[in-house]
Amino acid sequence: MFCLCISPAARADGHGPVFGLATPTNSQGEWSFDIGVFGRANDFGSEASFRELIGYGFTPHVTLFATVPAVVGNLRLTPTRIQPGADFDATVKWRFQHRATKVGTRIESTLFAGVAVPGPQSAFRNIVTTNKPGTMFGAVTGMASRSHYLWLGATYTNFFEHSGSKRPDVFDYSLVYGYRPPKWRRPPDKWDWRLFAELVGERSDRFVQAGIAVPQTQAHQVFLGPSLLGIHKNYTISFGAQAPIYQSVGSVYPAERVRFAVNFSYLLFQHSH
């Protein structure tokens, strides 16, 4: 997936991992613009979701994000929320803890609340369902220093039922470790790089049709893989790939073989930093 994003927020933001959740938020008056592509592949081909993400910081710790996606491909894939898909999103992120423990090291925690609105490409092949919206809640906490990063987080998205039909609710979680080698630490006018190891999991329940759960439509998958993040002034680029380490999917879905992402970001400051 491709994403031009520089918002310091929870999911695939410009200051952190490209797959998992992280704590940063935009500074007050700071705009972030992302454009990226996020891909998923199985034995039958691949599918890519192109995503634009815009964020605005109302305070140093509260940021609003809006997502507009477009999907290329039509594979039969499990419902996803941690990997951008075909849903439109509006999310508020509140970093309620920001505590420095020593010079260059801080402990942070962020809460998320949002609305997911299925787009015209959100329909699932061979499964008749409703495209009613859903609500999302989540949290992430962790530590960041000049050389090490660690974040643990999760979100839960609940979709509404209509006329006995309902999309699966989705619970996702992530564990991310990052390292910034001393030789990679550069001044703002040069590229500064970080390496991440990202573990993400996604568990969805079954589709509901006419008030009855559809058999073999539940899924639980866990992916692991590396990513790189480079920062140059107010631009960032991040990219990575993941492979499955655990899969339990019903017969409706072929198992995924790989996920990949490329993300570009731009931060627009209201003040000189």
Side-chain angles (χ1 to χ4, degrees), residues 1-22 32-42 44-55 65-91 112 114 116-125 136 138 140 151 153 155 157 170 172-174 176 196-202 204 219 221-230 236-245 247 253-266:
M1 292 171 173
F2 248 95
C3 186
L4 201 194
C5 171
I6 192 168
S7 64
R11 174 169 294 128
D13 64 72
H15 290 169
V18 72
F19 298 105
L21 302 167
S32 60
F33 302 91
D34 296 42
I35 188 169
V37 61
F38 299 78
R40 307 167 70 188
N42 58 28
F44 299 94
S46 61
E47 180 178 288
S49 176
F50 291 83
R51 184 193 71 176
E52 292 195 17
L53 176 66
I54 299 175
F65 290 93
T67 302
V68 179
V71 177
V72 177
N74 191 26
L75 287 184
R76 185 184 302 171
L77 295 165
T78 59
T80 184
R81 291 293 301 156
I82 202 164
Q83 184 88 341
D87 297 332
F88 293 79
D89 293 277
T91 304
F112 320 122
V117 179
Q121 296 177 292
S122 296
F124 292 86
R125 292 180 58 190
M136 182 275 288
V140 59
W151 291 294
T155 70
T157 305
V170 181
D172 60 63
Y173 53 91
S174 68
V176 177
F196 294 100
E198 304 192 42
L199 182 146
V200 301
E202 202 159 42
S204 58
Q221 299 189 97
V222 181
F223 290 80
L224 177 65
S227 67
L228 276 171
L229 166 67
T236 76
I237 180 172
S238 55
F239 51 89
Q242 292 186 311
I245 60 173
Q247 291 182 302
Y253 302 115
E256 288 182 59
R257 300 304 180 195
V258 67
R259 291 184 174 184
F260 55 89
V262 180
N263 178 72
F264 297 97
S265 305
Y266 171 71

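Looking only at side-chain heavy atoms (C-beta outward), Val140 and Phe112 come within less than 4.5 Å of each other. Considering only heavy atoms from C-beta on, Arg76 comes within 4.5 Å of Pro254 through its side chain. In this structure, Val200 and Asp172 have side chains that are not in contact, with every pair of non-hydrogen atoms separated by 4.5 Å or more. In this structure the side chain of Val68 reaches within 4.5 angstrom of the side chain of Phe88, judged on heavy atoms. You'll find the side chain of Val222 reaches within 4.5 Å of the side chain of Tyr173, heavy atoms only. Residues Leu229 and Thr236 form a side-chain contact, since some pair of their non-hydrogen atoms from C-beta on lies under 4.5 Å apart. Residues Phe223 and Glu256 are in side-chain contact: their nearest non-hydrogen atoms beyond the backbone lie under 4.5 Å apart. Annotation: side chain of Pro84 is not in contact with side chain of Pro69 (no heavy-atom distance under 4.5 Å).
The main-chain N or O of Phe65 is never found under 3.5 Å from a side-chain atom of Thr91 such that the two would form a donor-acceptor pair. With hydrogens and angles disregarded, no donor-acceptor distance shorter than 3.5 Å links the side chain of Arg259 to the backbone of Gly225. Of the possible polar contacts, none joining the Ser46 side chain to the Ala41 backbone as a donor-acceptor pair under 3.5 Å is found. Checked by atom type and distance alone, the side chain of Ser227 never pairs as donor or acceptor with a backbone atom of Pro17 at under 3.5 Å. Gln221 places no side-chain N or O within donor-acceptor distance of the main-chain N or O of Pro244, the cut-off being under 3.5 Å. Although no hydrogens or angles enter the test, the distance criterion places no donor-acceptor pair under 3.5 Å between the side chain of Gln121 and the main chain of Ala86.
Salt bridge annotation for Asp89-Arg51: absent, with no cationic side-chain nitrogen under 4.0 angstrom from a carboxylate oxygen.
Residues Thr78 and Glu202 bring no donor and acceptor atom of their side chains to less than 3.5 Å of each other.
Here Leu224 contributes atom CG and Leu199 contributes atom CG; the two are 5.5 Å apart, rounded to the nearest 0.5 Å. The distance from the OG atom of Ser32 to the OH atom of Tyr266 is 11.5 Å, given to the nearest 0.5 Å. If you take CZ on Phe239 and CG on Leu228, they are separated by 4.5 Å, rounding to the nearest 0.5 Å. Rounded to the nearest 0.5 angstrom, Arg40 CZ and Leu75 CG are separated by 9.0 Å.
In plain terms, the two heavy atoms of Ala116 and Thr157 that are nearest each other are CB-CG2, 4.5 Å. Annotation for Ala261 and Val18: closest pair CB-CG2, 3.7 Å, computed over non-hydrogen atoms. Contact detail for Asn42 and Ala255: the closest heavy-atom pair is CB-O, 3.2 Å. Between Ile82 and Phe19 the shortest heavy-atom distance is CG1-O, 3.6 Å. Of all heavy-atom pairs spanning Pro79 and Val170, the tightest one is CB-CG2, 4.2 Å.
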